[in-house]
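The structure appears below as structure tokens.
Quick caveat, the model's predicted, so the values are computed rather than measured.
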Amino acid sequence: MSSFTFSNKVFTPSPPDKGSFPLDHEGQCKGVMLKYMFCLNDHRNNNSECREQIKAYLQCRMENNLMAKEDWAKLGLSDIELSNQGKVSGTD
């Protein structure tokens, strides 16, 4: 006897809204990503304290064609100005 019942709904996966999110296999943005991760760690996972780092990470991804170019306002980051340190493209 099977444990499957006919009342269970079958899960049908759906693609992401904005398409695929390519992995950074070559580590082009690894340095910027690590700065963000360290910031999260330092601020007990309070991501509002690390908005400059996440903007730098997303900018790196856009510059290296790892994500589509998007307006900062759509990403909720239009009010953040990056310092020169945050603009490096992952190479430290």
Give the table of side-chain donor-acceptor pairs shorter than 3.5 Å for residues 42-49, with sequence neighbours excluded, one pair per line with atom names and distance.
from : atom 1 : to  : atom 2 : distance (Å)
H43  : ND1    : C39 : O      : 3.0
N46  : OD1    : S48 : N      : 3.3
N46  : OD1    : S48 : OG     : 2.7

To the nearest 0.5 Å, how far apart are [atom1] in [X] and [atom2] in [Y]?
X	Y	atom1	atom2	answer
D24	M33	CG	CE	8.0 Å
K30	M37	NZ	CE	12.0 Å
C50	K55	SG	NZ	15.5 Å
E70	Q59	CD	CD	14.0 Å
Q53	I80	CD	CD1	9.5 Å
L58	C29	CG	SG	9.5 Å

Subject >> Exercise: identify the closest heavy-atom pair between M62 and K69 >> reply: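 So the two residues come closest at O-NZ, 2.9 Å.
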Subject >> Note, L40 side chain near K35 side chain (heavy atom, < 4.5 Å) >> reply: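 SC-SC contact between L40 and K35 ruled out.
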Original post:
Checking R51 side chain against G76 main chain: does a donor-acceptor pair fall under 3.5 Å?
Top reply: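 Side chain of R51 to backbone of G76, a donor-acceptor pair under 3.5 Å: yes, one is there.
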Original post:
Is it true that a side-chain atom of R61 and a backbone atom of M67 form a donor plus acceptor pair closer than 3.5 Å?
Top reply: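 Not at all, since once roles are kept as given, no pair shorter than 3.5 Å links the two residues.
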